[in-house]
Colleague: 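Okay, handing you the structure first.
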Amino acid sequence: MAGMKRVLSGIQPTGEIHIGNYLGAIKQWIELGEKLGREALFTIVDYHALTNPAAYDPALLPKRTFEAALANIAAGLDPERVTLFVQSHVPEHTELSWVFTTQTPLGDLFRMTQFKDKAKKQKSVPAGLLMYPVLQAADILLYKADTVPVGEDQLQHLELTREIARRFNRTFGETFPEPKALLNPKAPRVPGIDGKAKMSKSLGNTIGILEEPSSIWEKLRTAPTDPARVKRSDPGEPTRCLIWRYHTYFSPPELVKEVIEPECRRAGIGCVECKRMLFDSMMKELGPIQERAAELKAHPERVLEGLEEGRKRAAAIAEPVMEEVREKIGLMRPGSRPWED
Ligand code: TRP
Ligand code: SF4
């Protein structure tokens, strides 16, 4: 974490933010924002969303982009403090992306695991899916960010970003730093409410941070527990139980150690009671987020103002970097006099 001067991360504007995103990423961004203020940049990557056929609908994209901003602000990313902006509001992202596209070997892109996985699922693969990590590199290098908080699935894209920076520097002269990935070892991989796979929108096993409390309770109530507890009097093993895991994310450690674990093992509490306690702990954290979201929905102009402030701060960094790139790659600048040298 030392030496970290500017961080950048990207957020897809796809659907509702769930507790997996919240615990795994957003909480860390909030912490980084507290340390770095406006040098912590968070961008809602709407141009990336265009490559995702499940998420992309031109009629819904503006709403989803706005809602992603609102949810992140409600969760605690304060746009007065950090730089929160929409990728397409700073057109230099796509401009730099094209420059990198001309300098990146196809082979590097075909190797990307995420490309291979996503391409398999589509009949016709858009070229944008292949170029996705090039745009991601542009998101990062446009700000000369040194640190990129990401999940493990993005490490390969980060390595490619570093390679793109190195290659550019070699060809056109020292320009970009090589950004480092920041993996959060404390970030849990939150299992879905089905107890089977990692929580993910596409699997439909999520709990949204802005979901109605009654709906959250319904999901907890019907969630699987330790299969050994068939009857209320059967003792259980909490570490085998999804509900216990969620307790470790949301309940005070004393409650988990001193109540949930021993009482489960000696059948002192029933699973419904245990779930009730979890629900209370979760709503203690999500309640204030939901209140802020309701407040922002009543005053949507606050979200717009935050995004406009973010756009201005981002553009103030991006525009001179892009001009530096245009000059270095040898574009004739307007009004320049190439015959003179
Ligand atoms: N590809 C990232 C993801 O799916 C999102 C992203 C786009 C990103 N641009 C970025 C992440 C820049 C970090 C930095 O999660
Ligand atoms: Fe899981 Fe709690 Fe039931 Fe134990 S008491 S099995 S931890 S829900």
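We count ligands from 1, going down the list as the structure has it; atoms in each ligand are counted the same way. In what follows, every heavy atom counts, from backbone to side chain, and hydrogens, waters and symmetry copies are set aside.
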Colleague: So, is Cys271 placed with an N/O/S atom under 2.8 Å from atom 4 (Fe) of ligand 2, counting both backbone and side chain?
Modeller: no
Colleague: Looking at atom 4 (O) of ligand 1, what's its closest protein heavy atom, distance included?
Modeller: Tyr132 OH, 3.2 Å
Colleague: Check the pair Tyr22, Val190 against side chain to side chain contact (heavy atoms under 4.5 Å, CB included), reporting the backbone distance first and the verdict last.
Modeller: CA-CA 10 Å; Tyr22 175 68; Val190 178; over 6 Å; no
Colleague: Near Asp226, which atoms of ligand 2 are under 4.0 Å from a heavy atom of that residue?
Modeller: 6 (S)
Colleague: Quick one: look at Ile243 and ligand 2, take heavy-atom pairs under 4.0 Å, and tell me if it's side chain, backbone, both or neither.
Modeller: side chain
Colleague: In the protein, what heavy atom is nearest to atom 1 (Fe) of ligand 2, and what distance, to one decimal place, separates them?
Modeller: Cys241 SG, 2.4 Å
Colleague: Look at atom 11 (C) of ligand 1 and say which protein heavy atom is nearest, naming residue and atom and giving the distance to 0.1 Å.
Modeller: Gly10 N, 3.3 Å
Colleague: What part of Ile11, side chain, backbone, both or neither, has a heavy atom within less than 4.0 angstrom of ligand 1?
Modeller: neither
Colleague: Under a 4.0 angstrom heavy-atom cut-off, which atoms of ligand 1 come close to Val148?
Modeller: 13 (C), 14 (C)
Colleague: Any heavy atom of Lys275 sitting closer than 4.0 Å to ligand 2?
Modeller: no
Colleague: Output yes when Glu34 and Lys27 qualify as a salt bridge under the 4.0 Å nitrogen-oxygen rule, no when they do not.
Modeller: no
Colleague: List every atom of ligand 1 that sits less than 4.0 Å from any heavy atom of Ser9, numbering the atoms from 1 in the order shown and giving each element.
Modeller: 13 (C), 14 (C)
Colleague: Check the pair Trp217, Met283 against side chain to side chain contact (heavy atoms under 4.5 Å, CB included), reporting the backbone distance first and the verdict last.
Modeller: CA-CA 10 Å; Trp217 170 245; Met283 290 319 299; over 6 Å; no
Colleague: Which atom names give the shortest non-hydrogen contact between Ala68 and Pro13, and what distance separates them?
Modeller: CB-CA, 4.1 Å
Colleague: Is there a nitrogen or oxygen of Gln12 sitting under 3.5 Å from a nitrogen or oxygen of ligand 1?
Modeller: no
Colleague: Under 2.8 Å from atom 2 (Fe) of ligand 2, is there an N/O/S atom belonging to Cys274?
Modeller: yes
Colleague: Below the 3.5 angstrom mark, is there an N/O of Gln114, backbone or side chain, next to an N/O of ligand 1?
Modeller: no
Colleague: So, do His93 and Leu96 sit near enough that their side-chain heavy atoms are less than 4.5 Å apart?
Modeller: no
Colleague: For ligand 1, is there an N or O atom under 3.5 Å from any N or O atom of Gln136?
Modeller: yes
Colleague: Looking only at distances, can you tell me whether any N or O atom of Asp139, backbone or side chain, sits closer than 3.5 Å to an N or O atom of ligand 1?
Modeller: yes
Colleague: Can you list the ligand 2 atoms lying under 4.0 Å from a non-hydrogen atom of Cys264?
Modeller: 4 (Fe), 5 (S), 6 (S), 7 (S)
Colleague: Determine the sole option in Glu309, Glu295, Glu80 for which the salt bridge (charged side-chain N to carboxylate O under 4.0 Å, His left out) test with Arg302 is passed.
Modeller: Glu295
Colleague: Are the aromatic rings of Phe100 and Phe176 close, with centres under 6.0 Å apart?
Modeller: yes
Colleague: Between Met4 and Glu39, does the side chain to side chain contact (heavy atoms under 4.5 Å, CB included) criterion hold? Intermediate values first, please.
Modeller: CA-CA 10 Å; Met4 182 173 72; Glu39 296 297 315; over 6 Å; no
Colleague: Taking the six-membered ring for Trp and the full ring for Phe, Tyr or His, determine whether the centres of Tyr143 and Phe85 are under 6.0 Å apart.
Modeller: yes
Colleague: Under a heavy-atom criterion of less than 4.0 Å, does Gly236 contact ligand 2?
Modeller: no
Colleague: Suppose I only count heavy atoms of Arg229 and a 4.0 Å limit; which atoms of ligand 2 are within that range?
Modeller: 3 (Fe), 5 (S), 6 (S)
Colleague: Could you walk me through whether Gln154 and Val148 pass the side chain to side chain contact (heavy atoms under 4.5 Å, CB included) test, one step at a time?
Modeller: CA-CA 10 Å; Gln154 293 298 310; Val148 184; over 6 Å; no
Colleague: What closest approach, in Å, do Phe110 and Lys116 show between heavy atoms, and which atom pair accounts for it?
Modeller: O-CG, 3.7 Å
